[in-house]
Amino acid sequence: MTVFAYFGPTGTFTEIALDRLLADRLPRQSAPRPAGDVQKVAAVSPAATIGMVRGGVADFGCVPIESSVEGAVPATADALVPPGPGTSGRVQVFAEVVLDVAFTIGARTALSPVDVQTVAAYPVAAAQVRESIEKLYPNAQFVTASSNSAAAADVAAGKADVAVTTSLAAQLSGLVVLADGVADAADAYTRFLLIGAPAPPAEATGSDRTSVILDLPNVPGSLMTAMDEFASRGVDLTRIESRPRRDVPGSYRFYLDAVGHLDDDAVGEALRALYRRCERVVFLGSWPTDRATGSQPPNTAESAAWFERLRRGEDG
């Protein structure tokens, strides 16, 4: 039995993402593959999901990491930081999936727009539909829900008039669908990660992502110097995020996504240089991208062959 935890409850986009990973992505990654039956277990938060993997309760966990509208998911970013000294307690990313995100509006019964006073929504979802809700329900105010699925459950329990939720959660809670495909941005999406215990990364595919967390020395130019380790080698950075360090008040740690794989020479050289310069480098993994972005790292095979010829005393 292979246990997959996910940020629940059931009916969330994260469960939908996990189902897609199980169907489409797992056969192409090199982490331990599911053997026998698969058990899905809902967790109350991204941190709880990652904690189940870190504690060995679950083999894998699925969590949201990035919204095209809101940026990084802070709860996930913070939970990915190893709790122990150095990299003790590290987890690793093995796959990702990107979901186009649009929401379902559900209610216990059919309602006139003017009768809608409260809208239950997870904060990330509320930010993605705020303009649409103002047009649909001009008299309504948002009420915070703990997840997209919980928003539907809150409406079913009479805690709000309508929910911003998923079609699956609306169905599970027995809600009437008032509107579907609701989103302020037509191309909105959320990226989800599949994490597990550290293991050899999947083989390079030519369309990969490598991610690290950096704790930098508190000196002028430390972030610029770290970024230059990638730039000087032609490695494209597609995401740079910062989060406060709770262990060092007033300081920040940085999350970098790079195009390429650990086995790409340019990426490997950059990581080794970062290890020499940074207080701590947490390797989050190298894995196939779901939607490729950025430029591929340079192919160093020709220059490496030239260098080896010089070492053998041959003509360059």
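The CD atom of Q117 sits 12.5 Å away from the OH atom of Y137 when rounded to the nearest 0.5 Å. Taking CG of D263 as the reference point, atom OG of S286 lies at 7.5 Å (rounded to 0.5 Å). Taken to the nearest 0.5 Å, the OG1 atom of T144 stands 10.5 Å off from the OH atom of Y122. Interatomic distance, CG of D264 versus CG of D208, reported as 7.0 Å (0.5 Å rounding). Here CG of L21 is found 13.5 Å from OH of Y6. Values are rounded to the nearest 0.5 Å. In this structure, the separation between CG on L256 and CD1 on I240 is 5.5 Å, given to the nearest 0.5 Å.
Between F13 and F103, the distance separating the two ring centers is shorter than 6.0 angstrom.
Among residue pairs with one or both ends in residues 48-72, those qualifying as salt bridge (Lys or Arg N to Asp or Glu O under 4.0 Å) are E66-R191; sequence neighbours excluded. For residues 171-180, every residue pair satisfying the side-chain hydrogen bond (donor to acceptor under 3.5 Å, both in side chains) rule, not counting sequence neighbours, is listed here: T104-D180.
Exactly one of R243, R253, R245 qualifies for a salt bridge (Lys or Arg N to Asp or Glu O under 4.0 Å) with D78. That residue is R243.
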Test side-chain hydrogen bond (donor to acceptor under 3.5 Å, both in side chains) on S211 and D257 and set out the steps.
CA-CA 4 Å; S211 186; D257 284 0; 2.7 Å; yes
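Residues L80 and L284 have side chains in contact (heavy-atom distance under 4.5 Å, counting atoms from C-beta outward). Looking at L193 and V93, their side chains come closer than 4.5 Å, going by heavy atoms from C-beta outward. Residues R280 and V81 have side chains in contact (heavy-atom distance under 4.5 Å, counting atoms from C-beta outward). Residues V282 and V212 are not in side-chain contact: their nearest non-hydrogen atoms beyond the backbone lie 4.5 Å or more apart. S67 is listed as a side-chain neighbour of Q128, based on a closest heavy-atom distance under 4.5 Å. Counting heavy atoms from C-beta outward, R209 and T238 have side chains that approach closer than 4.5 Å. Considering only heavy atoms from C-beta on, V69 stays 4.5 Å or farther from D184 through its side chain. Under the 4.5 Å side-chain criterion, counting only non-hydrogen atoms from C-beta, D115 is not in contact with D161.
Taking the six-membered ring where tryptophan is involved, the planes of F60 and F4 are essentially parallel, since the angle between them stays under 30° and well short of 60°.
A salt bridge between D290 and R20 is absent, with no side-chain N of the basic residue lying under 4.0 Å from a carboxylate O of the acidic one. Looking at E134 and R130, no side-chain N of the basic residue comes within less than 4.0 Å of a carboxylate O on the acidic one, giving no salt bridge.
There is no side-chain donor-acceptor pair under 3.5 Å between T225 and D228. No hydrogens or angles considered: nothing links the side chains of T12 and N148 as a donor-acceptor pair under 3.5 Å.
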